[in-house]
2 protein chains.
Amino acid sequence: MPRTRSRRLDQVYGAIASPTRRAILTALAGGEVNVGRLARRFPVSFNAVSKHVKVLERAGLVSRRVRGREHWLRLRAEPLREAARWLARQRVFWDARLDALEVLLRDDAGGR
Amino acid sequence: MPRTRSRRLDQVYGAIASPTRRAILTALAGGEVNVGRLARRFPVSFNAVSKHVKVLERAGLVSRRVRGREHWLRLRAEPLREAARWLARQRVFWDARLDALEVLLRDDAGGR
DNA sequence: CGGATATTCTACCAATCGGTTGAATAATAA
DNA sequence: TTATTATTCAACCGATTGGTAGAATATCCG
């Protein structure tokens with residue numbers, strides 16, 4: 001019985017549904033970065049990046065440490081682990097049933 | 001060097017960011033269901049469910065087989081596997097770096 | 001045929017999203 | 001103090017989203 005309702009899960013999947021935000025997370029995996037330096041790496045405005053960061057923060061994927069006028073961002077892996085766990089659990093759950101179905105219902109017609 | 005840009009990934013994560021759609025997928029794991037029967041399980045209108053299904057279809061997570069006036073829906077696990085793979089890869093990638101950072105930068109202050 | 005059923009399509013609405021620009025705030029540097 | 005730098009906040013814009021309701025289409029049933 002996989003859980004399907006979780007605000008945190010909504011936020012995490014919503015956050016990583018954006019390629020820009022996935023790229024931000026990847027950039028952050030290299031270590032702490034401040035917003036300005038991060039923004040310079042992307043083809044959108046500083047403010048746009050600032051907004052994306054806030055989305056990631058809300059999802060718990062990024063934390064912020066204010067040091068003077070600079071805000072240093074840091075990756076938080078825990079919610080990502082949760083998300084991975086949910087997907088993995090679902091995958092196993094589905095695969096079992098799907099494999100059984102594939103065998104039974106041989107109509108296929110080139111899926112997709 | 002994890003890939004971060006992929007339309008398919010965007011669609012899959014976007015699709016599963018909605019609890020209703022996650023619930024639909026879970027419902028579909030039990031076997032093929034037609035749209036009407038599926039819709040009856042949810043507290044939103046038939047049309048709303050029909051739309052959600054279309055989103056899942058666009059993401060490749062659901063396929064449709066029209067049989068007379070009924071449309072039978074079936075789970076497609078492959079894109080889900082992709083999504084799980086991406087997350088798993090990222091998780092490993094990040095964990096390694098984060099663990100190293102955690103040891104170095106001991107400021108913590110109760111994460112989350 | 002005519003009516004009921006299953007479904008999509010179209011149109012609409014309010015809310016959110018991703019982006020912009022400009023103003024406000026706060027910290028550093030001169 | 002004044003200027004510069006780093007950042008958020010506020011307002012705006014057009015596109016998308018999640019929902020609704022109603023019309024259109026196609027199938028099944030009497």
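- Applying the side chain to side chain donor-acceptor pair (under 3.5 Å) criterion to B:Glu82, with sequence neighbours excluded, gives no partner residue.
- At a threshold of 4.0 angstrom between heavy atoms, the contacts of B:Arg21 are confined to the sugar-phosphate backbone, with no base atom among them.
- Rounding to whole angstrom units, CH2 of residue B:Trp72 and P of C:dT8 are separated by 14 Å.
- Taking the side chain as every heavy atom from C-beta outward, B:Leu87 and A:Trp86 never approach each other to under 4.5 Å.
- With sequence neighbours excluded, no residue satisfies salt bridge (Lys or Arg N to Asp or Glu O under 4.0 Å) with B:Arg69.
- In this structure, the side-chain contact (heavy atoms from CB on, under 4.5 Å) partners of A:Phe42, at least two apart in sequence or on a different chain, are A:Thr20, A:Ala23, A:Ile24, A:Leu38, A:Val44, A:Val49.
- For the side chain to side chain donor-acceptor pair (under 3.5 Å) test, no residue two or more places apart in sequence or in another chain qualifies with B:Arg37.
- Straight-line distance from the CG atom of B:Asp10 to the C1' atom of D:dA15: 16 Å, rounded to whole Å.
- Contacts between residues 44-52 of chain A and DNA chain C, counted as heavy-atom distances below 4.0 Å, involve A:Val44, A:Ser45, A:Asn47, A:Ala48, A:Lys51, A:His52.
- With sequence neighbours excluded, the residues that form a salt bridge (Lys or Arg N to Asp or Glu O under 4.0 Å) with A:Arg91 are A:Asp95.
- The separation between B:Arg65 atom CZ and C:dT7 atom P is 12 Å, rounded to whole Å.
- Applying the side chain to side chain donor-acceptor pair (under 3.5 Å) criterion to A:Ser63, with sequence neighbours excluded, gives A:Arg76.
- For A:Arg85, the salt bridge (Lys or Arg N to Asp or Glu O under 4.0 Å) partners at least two apart in sequence or on another chain are A:Glu78.
- Distance, B:Lys54 NZ to C:dA6 C1': 14 Å, rounded to whole Å.
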N/O contacts under 3.5 Å, protein versus nucleotides 24-30 of chain C?
none

